[in-house]
Amino acid sequence: MKIAIAGGGAAGFFSAITCAATYPHIQVLLLEAGRKPLAKVRISGGGRCNVTHHCFDPALLVQNYPRGGKVLRGAFSRFQPQDTVAWFEERGVRLKTEADGRMFPVTDDSETIINCLLESAQEAGVQIRTGVRVESVCKGSEGKFEIELRGGEILRRDRVLLATGSNPSAYQWAKDLGHTIIPPVPSLFTFKIKDPRLQDLAGVSVENARIRLLDGGKGKVEQQGALLVTHWGLSGPALLKLSAWGARILRDRAYKMPLQINWVPPHNPETLCQELLALKSQTPKRQISTNCPLPIPKRLWQRLVEIAGIERQTPWAELSKKGLNALVGELTQGKYEIQGKGVFKEEFVTCGGIKLQEVDFKTMESRKCPGLYFAGEILDIDGVTGGFNFQSAWTTGWLAGQAMGRVTYL
């Protein structure tokens, strides 16, 4: 049996290694358009490679996938982060866990992961061709797949796996083979916001903020966590998660819609008002601008005090009801206008791709075209930042690799 895998990224390599190592008699060919494979692995985590996340409970793990969590629940029961850690450790690569749960090689170098994958592929007997661009994939009259390469070369294979990420050409091949493509849109991006409240505050971060997209009551999309002010607007873990969960809403609104920020959860307007009134009676002579009672940076506090119309020298005793209400509003219900999207470093993630109902997630085989398999980002699956996208690549790649060699047809 001959198998071809299109795409030399994390999912493609993992499926190729798994298949070749499990079924030594099968010929596994991996095709990569670039001169160097595993490009996304190389740049992940700022060059350290965020391999996976230290969440070993599939039921909790799937909560980090805005799209695909339901189908991944069963998949993670067969191969999850704990298995990923063991797989790399068996090959001499130890991983470490950081405070936020992200897992990296102890070397803090993505080349460690790349070398492990390349060496494992070589040991398993995977044939790798780089700098080879696939032009089309179709099924011939004899039931074999015909893969046309740039230059006219035709490869005939019994099974084909598409692990091509968000490559538009691969979407078309899948469509031609009977699949539905959910239109891909960006996920995991920062927000462009020009607002006097954020001006000159680049670098200011709040450890715990609650942010919410205001979509006219069409649904509640919100996140809570760390928020970072940047030169162009906002970033940080909470915002990146919000961009993922709200990816389609934001796209439909051309990345222009209101964002509400509560800088001081779990406070709401009522509880914060009571706390500030208590402070007013306890420290009447202290200046409001220099006496911040909340867990936010002083620069942000002073800016919001100013925006609320409170003079810099005003003591707490002279805080008017109007000023108090304005300050409470800015701290718990500030409305900011998103004016566009930025990028999240070089790690570009999309939602969209192969419709999940058309894939058997026990084997990753197409329900539309026998012998065709999928793994990784080509599927309509995306996770939030933190190693979750790599984990779905390892899992779907492993499942496909296990299945491709053992499936037979009458």
Side-chain angles (χ1 to χ4, degrees), residues 2-24 26-45 47-52 75 79-81 83-93 95 103-105 107 109-134 147 155 157 159-167 170 347 349 363-364 373-379 381 383 387-405:
K2 293 183 177 181
I3 291 174
I5 294 170
F13 260 84
F14 217 65
S15 59
I17 294 165
T18 302
C19 187
T22 307
Y23 308 100
I26 290 177
Q27 185 185 111
V28 179
L29 170 65
L30 189 146
L31 304 169
E32 165 57 32
R35 291 294 174 187
K36 288 187 176 182
L38 299 163
K40 215 165 190 177
V41 173
R42 183 168 280 105
I43 63 174
S44 162
R48 297 195 297 145
C49 188
N50 184 184
V51 178
T52 186
F79 194 94
Q80 56 129 305
D83 301 302
T84 301
V85 173
W87 191 94
F88 280 103
E89 287 194 345
E90 285 169 8
R91 290 156 181 80
V93 177
L95 303 182
M103 299 192 74
F104 295 87
T107 59
D109 187 353
S110 60
E111 292 298 329
T112 302
I113 302 300
I114 291 171
N115 291 336
C116 176
L117 292 170
L118 289 172
E119 289 168 9
S120 298
Q122 186 177 13
E123 289 173 11
V126 177
Q127 182 185 355
I128 301 171
R129 291 179 62 179
T130 58
V132 177
R133 188 170 295 278
V134 176
I147 304 165
L155 304 175
R157 292 295 183 270
R159 313 276 184 266
V160 169
L161 168 72
L162 298 184
T164 45
S166 53
N167 182 346
E347 298 174 68
V349 175
T363 62
M364 303 313 301
Y373 295 77
F374 302 100
E377 201 185 333
I378 190 172
L379 296 154
I381 293 174
F388 300 104
N389 287 295
F390 270 138
Q391 185 54 52
S392 65
W394 309 132
T395 294
T396 55
W398 186 86
L399 290 171
Q402 287 283 322
M404 284 189 293

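Heads up: numbering here begins at 1 and tracks the sequence.
- For the pair I17 and L117, the minimum side-chain heavy-atom distance is below 4.5 Å.
- Ion pairing between a basic and an acidic side chain is recognised when a charged N comes within 4.0 Å of a carboxylate O; E32 and R129 show no such pairing.
- F104 CZ to C49 SG: the interatomic distance, rounded to the nearest 0.5 Å, is 8.0 Å.
- With sequence neighbours excluded, no residue forms a salt bridge (charged side-chain N to carboxylate O under 4.0 Å, His left out) with R133.
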Apply side chain to side chain contact (heavy atoms under 4.5 Å, CB included) to L155 and L31, showing your working.
CA-CA 11 Å; L155 304 175; L31 304 169; 4.0 Å; yes
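- If you check the side chains of T52 and Q391, you find a donor sitting under 3.5 Å from an acceptor.
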Could you go through residues 85-93 and list every donor-acceptor pair under 3.5 Å that involves a side-chain atom there, pairing it with any protein atom two or more places apart or in another chain?
from : atom 1 : to  : atom 2 : distance (Å)
R91  : NH1    : W87 : O      : 2.9

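- I378 CD1 to L162 CG: the interatomic distance, rounded to the nearest 0.5 Å, is 4.5 Å.
- Without hydrogens or angle criteria, T130 side chain to K36 main chain gives no donor-acceptor distance under 3.5 Å.
- Taking both residues in full, the closest heavy atoms of P37 and F13 are given as CB-CE1, 3.5 Å, listed atom of the first, atom of the second, then distance.
- One finds the OG atom of S120 at 9.0 Å from the CG atom of L118 (value rounded to the nearest 0.5 Å).
- Residues R157 and I147 form a side-chain contact, since some pair of their non-hydrogen atoms from C-beta on lies under 4.5 Å apart.
- Ring geometry, F14 versus F79: the interplanar angle exceeds 60°, so the pair is classed perpendicular (tilted spans 30 to 60°).
- Contact of the T164 side chain with the V134 side chain is not registered, since no non-hydrogen atoms from C-beta on lie closer than 4.5 Å.
- Side chains of W398 and T18 form a contact here, defined as non-hydrogen atoms less than 4.5 Å apart.
- Proximity of L399 to Y373: side-chain heavy atoms (C-beta onward) are nowhere separated by under 4.5 Å.
- With hydrogens and angles ignored, the 3.5 Å screen pairs no side-chain donor or acceptor of W394 with any backbone N or O of D83.
- In this structure, the side chains of I43 and S110 stay at 4.5 Å or more apart for every pair of heavy atoms.
- From Q402, atom CD reaches atom OG1 of T22 across 4.0 Å, with rounding to the nearest 0.5 Å.
- Side-chain contact between I5 and M404 is present, with at least one heavy-atom pair separated by less than 4.5 Å.
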